[in-house]
Amino acid sequence: DTEVTQTPKHLVMGMTNKKSLKCEQHMGHRAMYWYKQKAKKPPELMFVYSYEKLSINESVPSRFSPECPNSSLLNLHLHALQPEDSALYLCASSQKPGAVTNEKLFFGSGTQLSVL
Amino acid sequence: AQTVTQSQPEMSVQEAETVTLSCTYDTSESDYYLFWYKQPPSRQMILVIRQEAYKQQNATENRFSVNFQKAAKSFSLKISDSQLGDAAMYFCACPMNYGGATNKLIFGTGTLLAVQP
């Protein structure tokens with residue numbers, strides 16, 4: 001199994017809603033990532049988890065709350081989002097934390113989020 | 001500052017022809033790989049090819065090859081015998097040191113490749 005699975009594929013939410021994005025991998029990877037991607041732009045790193053611990057937070061607003069309950073699962077909890085947060089949210093994983101200098105990232109297909 | 005630059009926002013190629021996508025980068029890492037990722041309309045980022053900076057030989061994966069010029073910090077992607085399924089956004093990527101032993105991948109701005117039948 002070489003897949004990173006993200007659910008849901010599409011999400012529409014109001015600014016007062018609370019929702020969660022889910023990401024799962026069963027490759028035994030110990031690094032997991034959240035990226036945000038606006039249309040026709042490159043992915044921007046949000047968070048990195050290494051061995052289930054948060055290792056990088058790219059100054060992301062607190063309305064985005066990541067969680068890594070175990071080595072296979074990564075969640076992104078959303079609360080009080082703004083319309084400008086509408087974007088594609090991509091999850092990725094790699095085998096060894098801190099080794100992005102030479103490691104391949106495996107990406108999911110993303111969750112397209114619209115905030116109304 | 002560590003940067004990745006793709007100077008071609010859009011490119012077009014005829015089916016079965018060859019196209020080259022450009023990328024220049026700057027990194028302070030001493031031992032690193034460079035990557036080309038493809039993002040088709042399905043939105044999933046897929047690794048196309050990677051090049052180890054210490055290797056003289058340019059990487060090749062079937063119809064995809066790179067022209068790596070380390071001194072010039074240039075890393076271009078050549079697609080031979082282009083197919084309709086090659087139509088996608090292509091991102092060049094380079095690692096950047098975040099601090100200590102932690103690194104992150106920096107993506108270029110992307111090149112949107114259209115393949116004409």
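This structure is a prediction, so every number in the text was calculated from the model and none was measured. Quick note on labels: first sequence line is chain A, next is B, and so on, each numbered from 1.
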**Message:** I'd like to know whether the aromatic ring centres of B:Tyr37 and A:Phe107 sit less than 6.0 Å apart in this structure.
**Reply:** yes
**Request:** Could you name each residue pair satisfying disulfide bond (SG atoms under 2.5 Å apart) that touches residues 13-77 of chain B, not counting sequence neighbours?
**Result:** B:Cys23-B:Cys92
**Message:** Which residues pass the side-chain contact (heavy atoms from CB on, under 4.5 Å) test with B:Ala16, not counting sequence neighbours?
**Reply:** B:Asp81
**Request:** Evaluate side-chain contact (heavy atoms from CB on, under 4.5 Å) for B:Lys38 paired with B:Ile79, printing each intermediate quantity in order.
**Result:** CA-CA 12 Å; B:Lys38 165 186 176 181; B:Ile79 306 174; over 6 Å; no
**Request:** Mind listing the closest non-hydrogen atom pair of A:Ser55 and A:Ser50 along with its distance?
**Result:** OG-OG, 3.0 Å
**Message:** List the residues meeting side-chain contact (heavy atoms from CB on, under 4.5 Å) with B:Thr20, not counting sequence neighbours, and say none if there are none.
**Reply:** B:Ser76, B:Lys78
**chain B contact via A:Gln37 - which portion, at a heavy-atom distance below 4.5 Å** = side chain
**Message:** Quick check on B:Gln6 against chain A: is it the side chain, the backbone, both or neither that has a heavy atom closer than 4.5 Å?
**Reply:** neither
**Message:** Quick check: under 4.5 Å, non-hydrogen atoms only, which of residues 7-16 of chain A neighbour chain B?
**Reply:** A:Lys9, A:His10
**Prompt:** With no hydrogens and no angle check, do the side chains of A:Ser94 and A:His29 hold a donor and an acceptor under 3.5 Å apart?
**Reply:** no
**Message:** Heavy-atom pairs under 4.5 Å with chain B - which of A:Ala92, A:Gly108, A:Gly110 has more of them than the others?
**Reply:** A:Gly108
**Message:** Please classify the contact between B:Met45 and chain A as side chain, backbone, both or neither, with a heavy-atom cut-off of under 4.5 Å.
**Reply:** both
**Message:** Given the ring of B:Tyr54, does B:Lys70 sit roughly above its face, with NZ or CZ under 6.0 Å from the centre of the six-membered ring and within 45° of the axis?
**Reply:** yes
